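Written below as C-alpha cells is the structure these notes are about.
Note on naming: letters A, B, ... go to the chains in the order of the sequence lines (proteins, then strands), and numbering restarts at 1 for each one. Keep in mind the model is a prediction, meaning the values are calculated, not measured.
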2 protein chains.
Amino acid sequence: MQDALRQFKANIFQALAHPTRIAIVEVLRDGELPVGVIIERLGVEQANASQHLAVLKAKQIVAYRKEGNQVFYSVRDPLLIEVLDILRRYFQAHLTESMAMLTEMAQSESVVNGAKSL
Amino acid sequence: MQDALRQFKANIFQALAHPTRIAIVEVLRDGELPVGVIIERLGVEQANASQHLAVLKAKQIVAYRKEGNQVFYSVRDPLLIEVLDILRRYFQAHLTESMAMLTEMAQSESVVNGAKSL
DNA sequence: TTCGTATATTCGACAAATCGAATATACGAA
DNA sequence: TTCGTATATTCGATTTGTCGAATATACGAA
C-alpha cells in the first residue's frame, strides 16, 4: 500500500522534525546513553527531554532499556544516522542558500551565528 | 554552528512530515511536472496542493519554473530521493513493527490496508 | 519502611500546521 | 481588451505540537 508507506515516512520525518530530537539522535550516535547524560549534553529541561524521548519512542526511533535506577536509550537502526549524514551533505552542498534560509527563518529569533565546524 | 545544522535538518524533516508532500516529492522523482499533473496524480484539492507546494518551495526542497500558462516543479537535489529510499528500506526492515505502529496510529482513521507492492 | 534520585506523565497556555472555501493573480488566446 | 485556464493566496475553523511547572512513578539504598 503506497499510502501506508507514505504515512510511515511522514511519521518518521515528523518524529525528527525538531532540533532537540535530532540532537538526541545525534548524541546517541555512538551508542546508548542514560537520560541524565542526554539532558546534560543537550542542556534542556528534564521534562522537555522526556517528552521528546517519548515522541521518539512512540515512533520507534529509539529503543530503551532499564537498568536499576536509570533508563538507557539508543537509536534502533543506524539507517537513521545515515539519513542525518546525508542531510549534512545536503546542507553543505547548498550552504549558501541554506544559510540564507535559516537567517530568514530566524528573523525574530536568533538561531544562526555562523557555519563553522560542520 | 551545530545548532544551525540541526535547525536546518529539522526544517527539512518538517517539510517532509506530511504524506501529501512526500507524495509530491515521489511523483517528481523522475523529473519536473506541472502542478496540474501533480494534482491529478495525487487526487488532492487544487488549493491544498498549492499550499503543500508552497511549503516545499519555502524549504527549498523543490524548484519551480514557469512556462506560459503553467508552473513546473522539480526536486532540487536527488539526495532527498535517496533519503526516501533509505526510509523505504527502513520500513521493510521493520515491517512488522511498522505495520503495528501504523495500525495503532490509524485507530480512528483508516490509513492501513496492507503492505503489498513496496 | 522511608528517602533520594532518575525518569515519566499531566496540565494549561500558547504557537504552528492543516484543511476547504473563497478569492486573487498570471498569462495565453480570441 | 475580455475570457478561460492554471496556479497562488487569504481566511476562519480545527487540530496538533511545544513548553515549563507541577506532579507522579520506579527503584536502589539505608
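- Nearest to the side-chain atoms of B:Gln70 among the listed nucleotides D:dA6, C:dT9, C:dA6 stands D:dA6.
- Summarising the geometry, the separation between CD on B:Gln7 and P on D:dT18 is reported as 12 Å, rounded to the nearest angstrom.
- Rounded to a whole Å, the CZ atom of A:Arg65 is 14 Å from the P atom of C:dA8.
- Between the side chain of B:Arg21 and the backbone N or O of B:Leu56, no donor-acceptor pair lies under 3.5 Å.
- Side-chain proximity of B:Ala47 to the nucleotides C:dA8, D:dT9, C:dA26 is greatest for D:dT9.
- The side chain of B:Pro34 lies closest to D:dT7, out of D:dA8, D:dT7, C:dT18.
- We find that CG of A:Leu42 is positioned 15 Å from P of D:dT18, with the value rounded to whole Å.
- Salt bridge status for A:Asp77 with B:Arg89: absent, with no side-chain N to carboxylate O gap under 4.0 Å.
- Considering only side-chain atoms of A:Ser50, the nucleotide from D:dA21, C:dA16, C:dT7 that sits closest is C:dT7.
- Here the side chain of B:Asn69 is nearest to one of D:dC27, C:dT7, C:dA26, namely C:dA26.
- Sparse packing is recorded around OH of A:Tyr64, with 12 or fewer heavy atoms of other residues, nucleotides or ligands lying under 6.0 Å away.
- Nucleotide D:dG28 has C:dC3 as its partner under the Watson-Crick or G-U criteria, with both atom distances under 3.5 Å.
- An OP1 or OP2 oxygen of C:dC19 is reached within less than 4.0 angstrom by a side-chain nitrogen or oxygen of B:His52.
- With a cut-off of 3.5 Å on both Watson-Crick or G-U wobble distances, the partner of C:dA17 is given as D:dT14.
- Spacing between atom CG of A:Leu56 and atom P of D:dT18 amounts to 11 Å, rounded to whole angstrom units.
- Phosphate proximity of D:dG20 to A:Asn48: present, with a side-chain N or O under 4.0 Å from OP1 or OP2.
- Atoms CD (A:Glu40) and P (C:dT5) sit 16 Å apart, rounded to a whole Å.
- A donor N or O paired with an acceptor N or O is not found under 3.5 Å between the base of D:dG17 and the side-chain atoms of A:Gln51.
- Enclosure of atom CZ in B:Arg41 is not indicated, since only 12 or fewer non-hydrogen atoms of other residues, nucleotides or ligands lie within 6.0 angstrom.
- Ion pairing of A:Lys9 with B:Glu26 is present here, as a side-chain N (NZ or NE/NH1/NH2) and a carboxylate O approach within less than 4.0 Å.
- Rounded to whole angstrom, the span from the CD1 atom of B:Ile24 across to the C1' atom of C:dT18 amounts to 13 Å.
- Contact between the side-chain N/O atoms of A:Tyr73 and the OP1/OP2 oxygens of C:dA8 is found at a separation under 4.0 Å.
- A donor-acceptor pair under 3.5 Å is absent between the side-chain atoms of B:Arg29 and the main chain of B:Val75, judged by distance alone.
- Regarding B:Phe72, its CZ atom lies at a distance of 15 Å from the P atom of C:dC27, rounded to whole Å.
- For B:Arg21, the side-chain atoms get nearest to C:dT18 when compared with the rest of D:dG4, C:dT18, C:dT9.
- Nucleotide C:dA8 forms a Watson-Crick or G-U wobble pair with D:dT23, both donor-acceptor distances falling under 3.5 Å.
- For A:His18 and D:dC19, the shortest distance from a side-chain N or O to OP1 or OP2 is below 4.0 Å.
- One atom, CG of A:Leu53, and another, C1' of D:dG17, lie 16 Å apart when rounded to the nearest Å.
- Along DNA chain D, the nucleotide nearest to A:Gln14 and the one nearest to A:Lys66 differ in position, and the one closer to the 5' end is contacted by A:Gln14.
- For B:Gln46 and B:Gly68, each mapped to the nucleotide of DNA chain C holding its nearest heavy atom, the one lying further toward the 5' end belongs to B:Gln46.
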